[in-house]
Amino acid sequence: MEKLTHQYQAIEKEFSKQSSGWNQPLPLMLVELANRLPLRSQDLVLDVAAGSGLVSLALSTKVKHITALDATAEMMGQGKAMLENLGVHNITFRKGYAESLPFDEGSFDVVITRFSFHHFLEPGLAFKEMCRVCNNGGLVVVIDLISPDDPMTAHTYNYLEQLRDMTHTRALTFTELEQLFKETDIQDKWLLQKEMDVEDWLNFTNTPASERSQITQQLSNELSHQTTPTGFSPLLKNDRLKFLHQIATIVGKKIP
Ligand SMILES: C[S@@+](CC[C@H](N)C(=O)[O-])C[C@H]1O[C@@H](n2cnc3c(N)ncnc32)[C@H](O)[C@@H]1O
């Protein structure tokens, strides 16, 4: 419990700092997600660790109502302002934690989360909670960064992610994420690679200089074949250092 409280404090500090960066146009991956999920106009949705509500916004025209729950008030503040500007009225923000969702069993038709599991200390507990508040036959959807399968590379990958943002705990591998869904009926799953610019990525989190140079150095070393893989698959494009984030989506149907 103490560990969780400590992590919640770290999360709130980090994402209060990051919050202005989360007021952004809808990314294409979320437009595609909203088109791919079998959503119905009567659906009640819970977006867990919703941040500024980008996932909620993407789903908002397809469903009845979305509850956007998050640990960080500033992230939700950005979201409220953004939705007011856009005239979106079927999303309600609520403060809360993924590991103890403040809802009754079977309250939602769809329970979704993006880019949150790699911040959790207990992803298994959060997943259990997501399943509990989902109704039988409803959808549980997790979208997250994933670690490389090779344990050594995964270790390096997570170490570098933590250097950039200390609230990164560990990204699961695709197999580990899939394992969480074992008691659901998996309906769909896919992987996508997102190209990221290293400097922009480090600016987003305002990572301190010494950590920035360590990360950049390791990726550059891998590019020039001087080190073992980092799991970031670095590349050079127009003289800029880039890398590929691996993002998994798994859609499960809750079975009684
Ligand atoms: C990287 S942001 C992603 C926001 C949003 N899901 C999206 O995809 O745009 C991660 C969010 O998770 C929230 N968060 C992290 N751990 C949490 C927890 N245990 N319970 C609730 N929210 C949490 C943070 O406050 C932050 O807003």
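Just so you know, residue 1 is the first one in the sequence shown, and it goes up from there. Order of appearance sets the numbers: ligands from 1, and atoms from 1 within every ligand.
Polar contact with ligand 1: present for Ala71 (N/O pair, distance under 3.5 Å). At under 3.5 Å, not a single nitrogen or oxygen of Phe115, backbone or side chain, sits near a nitrogen or oxygen of ligand 1. By the 3.5 Å distance cut-off applied to N or O atoms, Tyr8 is not counted among the residues near ligand 1. Looking at ligand 1, you'll find an N or O of Thr72 within less than 3.5 Å of one of its N or O atoms. In terms of N/O distances under 3.5 Å, ligand 1 is not approached by Trp22. Considering backbone and side-chain N/O atoms, Leu54 never comes within less than 3.5 Å of an N/O atom of ligand 1. Considering backbone and side-chain atoms alike, Tyr97 places every N or O at 3.5 Å or more from each N or O of ligand 1.
Atom 27 (O) of ligand 1 has its closest protein heavy atom at Asp70 OD2, 2.8 Å.
Of the options Ser116, Ala58, Ala49, the smallest heavy-atom separation from atom 6 (N) of ligand 1 is shown by Ala49.
Side chain of Thr173 to main chain of Glu176: a donor-acceptor pair is present (N/O by atom type, distance under 3.5 Å, no hydrogens or angles). No side-chain donor-acceptor contact under 3.5 Å links Arg170 to the backbone of Tyr159. A donor-acceptor pair is defined here as one N or O able to donate and one able to accept, closer than 3.5 Å; no such pair exists between the side chain of Thr216 and the backbone of Ser213. The closest donor-acceptor contact from the side chain of Asp70 to the backbone of Met76 lies at 3.5 Å or more, if one exists at all.
When ring centroids are compared, Trp22 and Phe115 stay outside the 6.0 Å threshold.
Defined by atom type and a distance below 3.5 Å, a donor-acceptor pair is missing between the side-chain atoms of Thr169 and His119.
Ring geometry for His245 against Trp201 counts as perpendicular: the plane angle is over 60°, on a 0 to 90° scale with 30° as the lower cut.
Neither the backbone nor the side chain of Ala126 comes within contact range of ligand 1; no heavy atom lies under 4.0 Å. In Glu99, the part holding a heavy atom less than 4.0 Å from any atom of ligand 1 is the side chain.
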